[in-house]
Amino acid sequence: QVHLVESGGGLVQAGGSLRLSCVASGSIASINGMRWYRQAPGKERELVASIVSGGGIAIYADSVKGRFTISRDNAKDTVYLQMNSLQPGDTAVYYCYANLRTWGSSLSSDYWGQGTQVTVSS
């Protein structure tokens, strides 16, 4: 059994910052890519940022480039999303995603967290 648990969401004023964390736990052998997605009311889920297993390469949605930074701590099976200069348009539920392999399996699978709400007031 694998769980991804996000934390760090909340209410912040425009221009403020938040740091999201996502911890993966369970029978994990290795973690490949980790990502953050978000879904605003009435909109489809969109990719915000992605980072490879070694942490050296990250990609971002155009809407967050220069404001958000994704990072990971492989020793802690944790991915972070530092969000600066937040705007009301960033309001959404933020979801953590990981592609990982569990012990005893030769294949990797996709896992999702339950989401954390981020609300940015103007």
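The first residue of the sequence shown is numbered 1, and numbering continues consecutively from there.
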Check: How many angstroms lie between CG in Leu11 and CG in Leu86, if you round to the nearest 0.5 Å?
Finding: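 It comes to 11.0 Å.
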
Notebook entry, point to check: Could you state the interatomic distance from CD1 (Ile57) to CD1 (Ile70), rounded to the nearest 0.5 Å?
Noted result: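 Answer rounded to 0.5 Å: 13.0 Å.
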
Quick one: does [X]'s side chain get under 4.5 Å of [Y]'s, heavy atoms only?
X      : Y     : answer
Leu20  : Tyr80 : no
Gln114 : Val93 : no
Gln39  : Tyr95 : yes
Gln82  : Ser17 : yes
Arg38  : Arg45 : no
Thr69  : Tyr60 : yes
Gln1   : His3  : yes

[X] and [Y]: which non-hydrogen atoms are nearest, and at how many Å?
X     : Y      : answer
Val79 : Cys96  : CG1-SG, 3.8 Å
Ala92 : Gln117 : O-NE2, 3.4 Å
Asn99 : Ser108 : OD1-CB, 3.3 Å
Leu4  : Tyr111 : CD1-O, 3.3 Å
Ser53 : Asn74  : O-ND2, 2.9 Å
Gly16 : Val12  : CA-CG2, 3.8 Å

Distance-only, no hydrogens or angles: does the [X] side chain make a donor-acceptor pair with backbone N or O of [Y] under 3.5 Å?
X      : Y      : result
Tyr94  : Leu81  : no
Glu6   : Gly115 : yes
Trp103 : Ile28  : yes
Thr91  : Val120 : yes

Item checked: Of Ile51, Val52, Asp77, the residue whose pairing with Arg72 passes side-chain contact (heavy atoms from CB on, under 4.5 Å) ->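 Answer to the side-chain contact (heavy atoms from CB on, under 4.5 Å) test with Arg72 among Ile51, Val52, Asp77: Ile51.
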
Checklist line | Thr78 and Asp73: side chain donor to acceptor below 3.5 Å | finding: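 Per modelled atom types, Thr78 and Asp73 side chains form no pair under 3.5 Å.
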
Margin query: If only side-chain N and O atoms count, and only distance matters, is there a donor-acceptor pair under 3.5 Å linking Ser85 with Gln87?
Written below: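 No pair is found: no donor N or O on one side chain lies under 3.5 Å from an acceptor on the other.
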
Next item on the list: Please report the C-alpha distance between Val23 and Lys76 in whole Å, then the side-chain angles of each, then the deciding distance to 0.1 Å, and finally whether the side chain to side chain contact (heavy atoms under 4.5 Å, CB included) criterion is met.
Entry: CA-CA 7 Å; Val23 181; Lys76 297 180 179 180; over 6 Å; no

Check: Hey, are Asp90 and Arg67 close enough for a salt bridge, meaning a charged N less than 4.0 Å from a carboxylate O?
Finding: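 Answer for the salt bridge query: yes.
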
Next item on the list: Please confirm whether Tyr37 and Trp112 have ring centers closer than 6.0 angstrom.
Entry: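 Here the rings of Trp112 and Tyr37 have centres that are less than 6.0 Å from each other.
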
Note to self: Tell me whether Val64 shares a hydrophobic cluster with Met83, the cluster being built from Ile, Leu, Val, Met, Phe, Trp, Tyr side chains joined at under 4.5 Å.
What the structure shows: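 In one cluster: yes.
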
Next item on the list: With side chain to side chain contact (heavy atoms under 4.5 Å, CB included) as the test, would you mind laying out the steps for Asn32 and Leu100 before giving the verdict?
Entry: CA-CA 6 Å; Asn32 302 315; Leu100 59 86; 5.8 Å; no

Next item on the list: Show your working on side chain to side chain contact (heavy atoms under 4.5 Å, CB included) between Ser50 and Trp36 and close with a plain yes or no.
Entry: CA-CA 6 Å; Ser50 177; Trp36 287 97; over 6 Å; no

